[in-house]
Protein chains: 2
Amino acid sequence: MPKVSDQYREARRDEIARAALRVLARNGVRDTSIADIVAESGLSTGAIYSHFSNKAELARYVVGRFLLPRIDALESAGRSGQLVTPRQALQGMLSVFAEAGLSPALVLQFWGEAMVEPGLHDEMLRTAAHLRASLALAIGPWARTRTSDETDAASLAAETARSIAALAQGYIANTAVFGPRAVDEYLEGAAAVLAS
Amino acid sequence: MPKVSDQYREARRDEIARAALRVLARNGVRDTSIADIVAESGLSTGAIYSHFSNKAELARYVVGRFLLPRIDALESAGRSGQLVTPRQALQGMLSVFAEAGLSPALVLQFWGEAMVEPGLHDEMLRTAAHLRASLALAIGPWARTRTSDETDAASLAAETARSIAALAQGYIANTAVFGPRAVDEYLEGAAAVLAS
DNA sequence: ACCTGAACACCGTTCAAGT
DNA sequence: ACCTGAACACCGTTCAAGT
């Protein structure tokens, strides 16, 4: 298979996925029809279906490609041995998230969709696994200050990454439903509740 | 208007809503069609539409009626002056939630749906307002140990209630996506992250 | 190989006709 | 007044026919 053609296919899939994301951001998951994506992309129904076998596969591609922000800065900080605390990692992740322009409302809709679409759920777990691995790397130095055993440190980092994810999910769901809120305010409020 | 007839109407709406909830729990929000609810309820299409003007109104009714657990025990503890901390209130709420048999997956789907259905969003905010008021009442004595001014105590209780809600949402979204987790574990993990 | 767009099965909703 | 179920517009998906 010539590489040019593969590149072309991938570029075409990306073009369709970007058109889909624009409609999704505008109308939401439920109210985005294939007809809308056809109109937004300027292609035809059949053209979409010659690049994605169905709507679910397109959704999976969008999630895998655009739904999670990269947290390279955090990761390299951890790699260079800088002490990133879990709280700083959470704060950094939420800030990157906000800067990436990902709408909490759209993310929440995809979570809901994943409850009913196993392939999308799998893709989300895969994408989340990357994020957790990045987080674990970032807080690695912190974990090693808490235990001398390397295996213990790794599992502490992994468990902590799940808690960071849970807090991030809380922030996203809460701002989506109840309106925007500053990350710092949210962290202070949550800390006060848990310390009480 | 005779009262009997009103009661009958309400009972009929409830009967339809309960049938809808059974299908929703089984198939999820996206994959529940009116035809499914017709089959589950044993009524006809027109019968459903003579009690609810559309699918959205039925969803709103289900959410208002079944989506949030009652936390009477917590509320009366607060009313009687017992010192309920925010953390205990959160823990109590999540326990009641789990005992009520409300599937986190279904709740997450409704949150997503609310992002695209303004009437459902409104109903959710209304239901959440009741819950927050109950929480505020429950943690009232705690708030008054923190400040002598009654107005300050009320606003502290209200702000704290939002943070409790955010943490509860995090627990629900996290368990829905990543699988069940003990409430205590979640609370310990989150506290460790925020204290770091 | 990629693309076109008409055709098909199914969805939410309406409405004339029944009790 | 409540209910029936056929009819309608729209959705996701398929497929014969084009380049």
Side-chain angles (χ1 to χ4, degrees), chain A residues 1-17 19-21 23-24 26-63 109-110 112-114 116-120, chain B residues 1-17 19-21 23-24 26-63 109-110 112-114 116-120:
Chain A
M1 197 65 93
K3 196 158 191 196
V4 202
S5 149
D6 273 15
Q7 276 179 0
Y8 170 80
R9 263 198 82 77
E10 202 53 31
R12 202 61 155 162
R13 280 164 73 91
D14 235 73
E15 184 192 338
I16 295 168
L21 188 61
V23 186
L24 285 165
R26 210 161 53 226
N27 299 344
V29 174
R30 196 199 61 180
D31 294 337
T32 293
S33 67
I34 294 288
D36 293 332
I37 299 170
V38 165
E40 179 77 23
S41 67
L43 300 174
S44 70
T45 312
I48 308 279
Y49 277 91
S50 73
H51 287 278
F52 296 97
S53 64
N54 51 36
K55 206 187 175 183
E57 198 204 323
L58 174 51
R60 236 179 297 142
Y61 187 81
V62 168
V63 164
Q109 288 171 68
F110 273 115
E113 191 73 6
V116 100
E117 191 67 52
L120 190 64
Chain B
M1 197 67 92
K3 197 159 189 192
V4 200
S5 150
D6 272 15
Q7 276 179 2
Y8 170 80
R9 264 199 81 79
E10 203 54 30
R12 201 62 154 162
R13 281 165 71 91
D14 235 74
E15 184 192 340
I16 295 168
L21 188 61
V23 186
L24 284 165
R26 210 161 53 227
N27 300 343
V29 174
R30 196 199 61 179
D31 294 336
T32 293
S33 68
I34 294 289
D36 294 330
I37 300 170
V38 164
E40 179 78 23
S41 68
L43 300 174
S44 70
T45 312
I48 307 280
Y49 278 90
S50 74
H51 288 278
F52 296 97
S53 64
N54 52 36
K55 207 186 175 184
E57 198 205 321
L58 174 51
R60 235 177 299 143
Y61 188 81
V62 168
V63 164
Q109 289 172 70
F110 272 115
E113 191 72 6
V116 100
E117 192 66 51
L120 189 64

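In what follows, every chain begins at residue 1, and chains take the letters A, B, ... in the order their sequences are listed.
- In this structure the side chain of B:Leu43 reaches within 4.5 angstrom of the side chain of B:Arg12, judged on heavy atoms.
- Proximity of B:Ile16 to B:Ile48: side-chain heavy atoms (C-beta onward) are separated by under 4.5 Å at one or more points.
- In this entry the distance linking CD of B:Gln7 with P of D:dA1 reads 19 Å, nearest Å.
- Distance A:Ile48 CD1 to C:dC3 P: 9 Å, rounded to the nearest Å.
- The CG atom of A:Asp6 sits 13 Å away from the P atom of C:dA1 (whole-angstrom rounding).
- Within the structure, every side-chain polar atom (N or O) of B:His51 is placed at least 4.0 Å from both OP1 and OP2 of D:dA1.
- B:Lys55 and B:Glu117 are not joined by a salt bridge, as no carboxylate oxygen comes within less than 4.0 angstrom of a charged side-chain nitrogen.
- In this structure, B:Asn54 and B:Tyr49 approach most closely via the heavy-atom pair CA-CE2, 3.8 Å.
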Query - Base versus backbone protein contacts along nucleotides 10-17 of chain D [heavy-atom cut-off under 4.0 Å; B, S, -] - result: -SSBB---
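- A:Val29 places none of its side-chain heavy atoms less than 4.5 Å from the side chain of B:Val116.
- Side-chain contact between B:Arg30 and B:Gln109: absent, with no pair of heavy atoms (C-beta onward) separated by less than 4.5 Å.
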Query raised in the report: Could you write out DNA chain D as a dot-bracket string, with dots for unpaired bases, | for bases paired across to another strand, and Watson-Crick or G-U pairs counted at under 3.5 Å?
Result: ||.|||||...|||||.||
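- Within the 3.5 Å criterion, the main-chain N or O of B:His51 finds a donor-acceptor partner in the side chain of B:Arg13.
- Residues B:Ala20 and B:Ile37 approach most closely at CB-CD1, 4.0 Å, considering heavy atoms.
- As a whole-Å value, the separation of B:Arg12 CZ from D:dC2 P is 10 Å.
- An OP1 or OP2 oxygen of C:dA1 is reached within less than 4.0 angstrom by no side-chain nitrogen or oxygen of A:Arg9.
- Remark: B:Ser44 is not in phosphate contact with D:dG5, judged by side-chain N or O atoms under 4.0 Å from OP1 or OP2.
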